[in-house]
Amino acid sequence: MSIRVRYAPSPTGKQHIGGIRTALFDYFFARANNGTFILRIEDTDRERFHKDALQDIYDSFHWLGITWDEGPDKGGPFGPYLQSMRKDLYQNYALELIEKGAAYYCYCTPERLDSLRNEQQKRKKGETGYDRHCRDLTETERKSLEEKGTAKVIRLKIPLEGEVLFHDELLGDIKTMNKDINPDPVLLKSDGFPTYHLAHVVDDHLMEITHILRAQEWLSSAPLHILMFQAFGWKLPKFYHLPLVLGNDGHKLAKRHGSTSITEFREKGYLPEAIMNYVSLLGWSYDDSRVFFSKEDLEQLFSLEKLNKAPAVFDFKKLEWFNGQYIRKKSGKEIISLVKPYLKKAGFIHEPATEEEEKIIKGMIPLIHERLHVLSDVTELAGFLFHDPVLKDKNEFIPKRLDREKTLQVLEACAALLSDFDSRTDTENEESFRNKALELQVKLGDFLLPLRIALTGSRVSPPLFESIRLLGVEKTKERVKQALSFLSQE
Ligand code: GLU
Ligand code: ZN
């Protein structure tokens with residue numbers, strides 16, 4: 001049996017990290033088994049459809065380096081792969097279910113359904129969902145509604161008794177009483193478009209999908225999908241409802257936890273390698289110890305047997321750590337081209353960069369490379385090389401153990417030391433600064449802090465002496481002068 005899996009996003013918003021995980025698992029599973037990976041766009045909910053979302057899907061996967069074997073842009077033997085282009089086909093399958101007695105027409109108006117819902121909410125207890133009003137319409141009643149041209153939908157007839165049994169490869173056997181299934185979900189809407197329930201069952205069958213990997217939020221709908229497969233008389237694919245992805249508070253990962261879309265991660269300066277590596281470990285592991293996996297590794301090593309059942313916690317710190325590791329693996333040259341867009345966006349450099357700017361960038365890379373967690377850190381770490389710091393708070397300059405007077409004295413001393421800075425070696429400079437600090441009876445850290453702030457505007461910066469050399473002693477002196485006058489203002 002050749003493996004066929006699909007990632008089936010609905011283009012309603014930006015690609016969420018949870019969806020990315022599903023797609024990666026699909027992709028790696030297919031690659032590791034010589035299978036086929038299919039992209040199918042589930043765009044039948046016309047109200048929630050967002051045209052930018054489709055582009056976001058393509059961009060996100062292109063960026064990650066993930067390709068599919070069949071898809072809307074690629075074609076393939078089971079196309080089209082855009083569900084909106086398959087509209088008529090679903091209608092026929094809905095009619096087939098009606099003929100088989102497994103579905104029926106419902107003529108209820110939105111007003112009736114609204115007031116039904118309101119009543120149910122008021123009652124709080126008791127039945128919820130559709131009341132099966134049209135399930136047993138007589139042929140005469142139906143005819144008269146048809147003659148009036150009443151809008152209609154097609155609903156699945158969930159058996160009133162009995163149970164559905166299915167096997168989830170990850171979660172085991174799952175038994176659901178039919179009476180507990182949300183009554184009679186809509187399969188075909190009045191606009192002629194199918195709902196997700198109908199469309200994906202039909203397509204998973206027609207596209208000969210062998211394994212369905214999807215988010216656990218679909219688990220509760222799985223029984224009704226099974227009922228449909230059974231009603232059609234189709235073979236069931238294997239189901240894997242993937243573990244939830246939670247935030248660190250134990251709730252489903254959402255916006256309030258931080259970035260959740262690929263676009264956001266990308267903009268902040270996460271590398272595709274890091275995202276791919278980290279996301280692959282959300283609910284999957286190779287063994288107890290190995291954490292680093294390249295795309296090529298995963299294309300070979302990934303297996304569904306190693307999926308976990310337990311929810312995965314999305315740890316932003318851990319991802320950042322991974323990202324730092326992958327940034328470190330890049331060459332200086334690569335880092336240059338990776339950080340340039342951030343410098344450009346901050347208005348620090350021109351497009352293309354001037355010769356002078358290129359020189360600064362080249363010089364700064366060794367200083368900041370190891371300190372980057374995300375690429376966008378570059379603007380904070382190296383901003384001082386492109387513009388004077390903004391002096392806003394005098395207290396910033398004053399180390400905890402010193403007061404303003406002493407700080408002024410320290411800065412004056414630094415200014416004096418800067419005069420011969422260039423003629424001394426780094427070791428000599430270290431010694432001069434250390435001696436001066438000793439003489440003024442302040443700790444070296446306290447001695448250097450005001451200078452660091454004068455230079456960079458920040459308490460954290462790349463190594464100080466190297467930063468001075470990079471910016472140039474003249475400019476540094478100028479900044480110290482400005483800081484002195486700022487600090488001495490009343
Ligand atoms: N369109 C559905 C979604 O975006 C697909 C779910 C599935 O994989 O079956 O969640
Ligand atoms: Zn009805």
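Read the numbers this way: they start at 1 and go in the same order the structure lists the ligands and their atoms. We number each residue from 1, following the sequence as shown.
Phe314 and Phe316 have perpendicular rings, their planes meeting at more than 60° on a 0 to 90° scale where under 30° would count as parallel. Ring planes of Trp234 and His205: parallel class, angle under 30° (limits at 30 and 60°).
For the side-chain contact (heavy atoms from CB on, under 4.5 Å) with Leu236, the lone residue among Ile226, Asp204, Ile212 that qualifies is Ile226.
Here the side chains of Leu227 and Asn178 are in contact, with some heavy-atom distance below 4.5 Å.
Gly65 and Tyr27 make their closest contact through O-OH, 4.5 Å (heavy atoms, listed as atom of the first residue, atom of the second, distance).
At the shortest separation from atom 10 (O) of ligand 1 among protein heavy atoms lies Trp218 NE1, 3.1 Å.
A cation-pi arrangement is absent between Lys152 and Tyr107 under the rule of less than 6.0 angstrom and at most 45 degrees off the ring axis. Both tests hold for Lys329 against Phe292: distance to the six-membered ring centre under 6.0 Å, angle to the ring axis within 45°.
Residues Lys143 and Glu147 are not paired through a salt bridge, judged by the lack of any N-O separation under 4.0 Å between the basic side chain and the carboxylate. Of the charged side-chain nitrogens involved, at least one lies within less than 4.0 Å of a carboxylate oxygen, so that Glu358 and Lys340 count as a salt-bridged pair.
At a heavy-atom distance under 4.0 Å, only side-chain atoms of Tyr196, from C-beta outward, approach ligand 1.
Taking 2.8 Å as the limit, the number of protein N, O or S atoms around the Zn ion (ligand 2) is 4.
Residue contact check for ligand 1: Arg6 places a non-hydrogen atom closer than 4.0 Å to it.
Residue contact check: Ser10 has heavy atoms under 4.0 Å from atoms 1 (N), 2 (C), 3 (C), 4 (O) of ligand 1. Residue contact check: Glu42 has heavy atoms under 4.0 Å from atoms 1 (N), 2 (C), 5 (C) of ligand 1.
Considering backbone and side-chain N/O atoms, Ala8 comes within less than 3.5 Å of an N/O atom of ligand 1.
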